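One structure below.
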Amino acid sequence: MGIEHHLGNSFMATSISQVVGWARKYSLWPLPFATACCSIEFMSVMTSDFDIARFGAERPSFSPRQADLMLVLGTITYKMAPVMWKAYQTMAEPKWVICVGACACTGGMFDTYAVLQGIDRVIPVDMYVPGCPPRPEMILDALVKLQEKISKESINDPKYKDRVEYLNKALNPDRSAIES
Amino acid sequence: MRGLRPEQNAELMENIKKKFSNDILHMEENRGMVVIQAKKENFLTLMKSLKDDKPFMFDTLMDLTAVDYSGVKDIRFEVIYMLFSSKTLSRIRLKLSIAEKENAPSVINIWKGANWPEREVFDLMGIRFDGHPLMERLIMPDGYIGHPLRKDFPIKGLGEDYLIESILMPVKNEVNLKKEGSK
Ligand code: SF4
């Protein structure tokens, strides 16, 4: 834009979405929803060796109300799924989800009667981190990728409408594949 | 600390034989522990006197569990009681055979700690206990179909997608309200 050319470097012209996106991406407050061994990996992500603070997400929010980012770390059983769902519902918009580990992504090796086969059957997921457990670097990589995604989001386009549709799909699953 | 005297198990077996020879089917010593196959009649009286009477005094129910012997034994299930005496430091294991669709007697009036283990056995094995105040699922979610530790239950489950609806239930109404509002 030409206006900076006339007025020098004292200000910059941008769009409000970009500013908000920029602010949001560097102030993520993660809620570690830690249920199994993957959470040990998240602990080392928190320590100074890997240092998630470098990306502005050093403040783990153990109350969902204050969190923006839900990190699902570990096996989610059918008994635990309502709790995860409630925690997700309690988080205020805007909110994002990183799904860490094979268990949370697909059920992993626990293809059994008690384990939810992937949390995306219940809540929408933004980033999947494969591995059993994933290296701390992979969790950081997912965070950086999520930051890119957040910075591109428009504030005029809240995801909430999508979420209602997602819910409808989850509540009325397409049973034809199972029945045939 | 006092330990278990070497001859203690032999004495225990002697005493049990003297007192309960009518109530037990079989008794042996297995890996340093006395194992009793109990009869279902008078089972509660046997348990009560094992807890209260000298010289047994088995005051602690260490564990209560069950095994599915389908295809191995004639009677399908066995409920197993592990008892420990803090007075004599001896331990004992009792087995009670339960056929399919038969109920087991609840020992909750003898050891209060039997409450949750009995619910767990009901949840995972499907054995009901007579006299239990709340025979409901403990480990699996309410609304779960089947008893997963039975040998005939498929190891990967029956396809538990039907549970997803109950997971999301609290918000189903909310979503419907939203839909109606947008009309
Ligand atoms: S993916 Fe592996 S490390 Fe992570 S929770 Fe599952 S079993 Fe544990």
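First the proteins, then the strands, lettered A, B, ... as listed; each starts at 1. Here the structure is a predicted model, which is why all the values come from computation and not from measurement.
The environment of B:Tyr69 atom OH is dense: over 12 non-hydrogen atoms of other residues, nucleotides or ligands sit within 6.0 angstrom. By the neighbour-count criterion of 12 heavy atoms within 6.0 Å, atom NZ of B:Lys73 is densely surrounded, having more than that number from other residues, nucleotides or ligands. By the 6.0 Å contact criterion, CD on B:Glu14 is open, its count of non-hydrogen atoms from other residues, nucleotides or ligands being 12 or less. Atom CG of A:Asp49 has more than 12 heavy atoms from other residues, nucleotides or ligands within 6.0 Å. Annotation: B:Leu134, atom CG; neighbour count of heavy atoms from other residues, nucleotides and ligands within 6.0 Å is above 12.
The line from OH of A:Tyr113 to CG of B:Leu124 is 6.0 Å long, rounded to the nearest 0.5 Å. Atom CG of B:Leu138 and atom NZ of A:Lys79 lie 6.5 Å apart (nearest 0.5 Å).
The contact between B:Leu163 and chain A is made entirely by side chain atoms (from C-beta outward), counting heavy-atom distances below 4.5 Å. Using a 4.5 Å cut-off between heavy atoms, B:Ile145 does not touch chain A at all. Of the two parts of B:Ile139, only the backbone, made up of N, CA, C and O, holds a non-hydrogen atom closer than 4.5 Å to a non-hydrogen atom of chain A.
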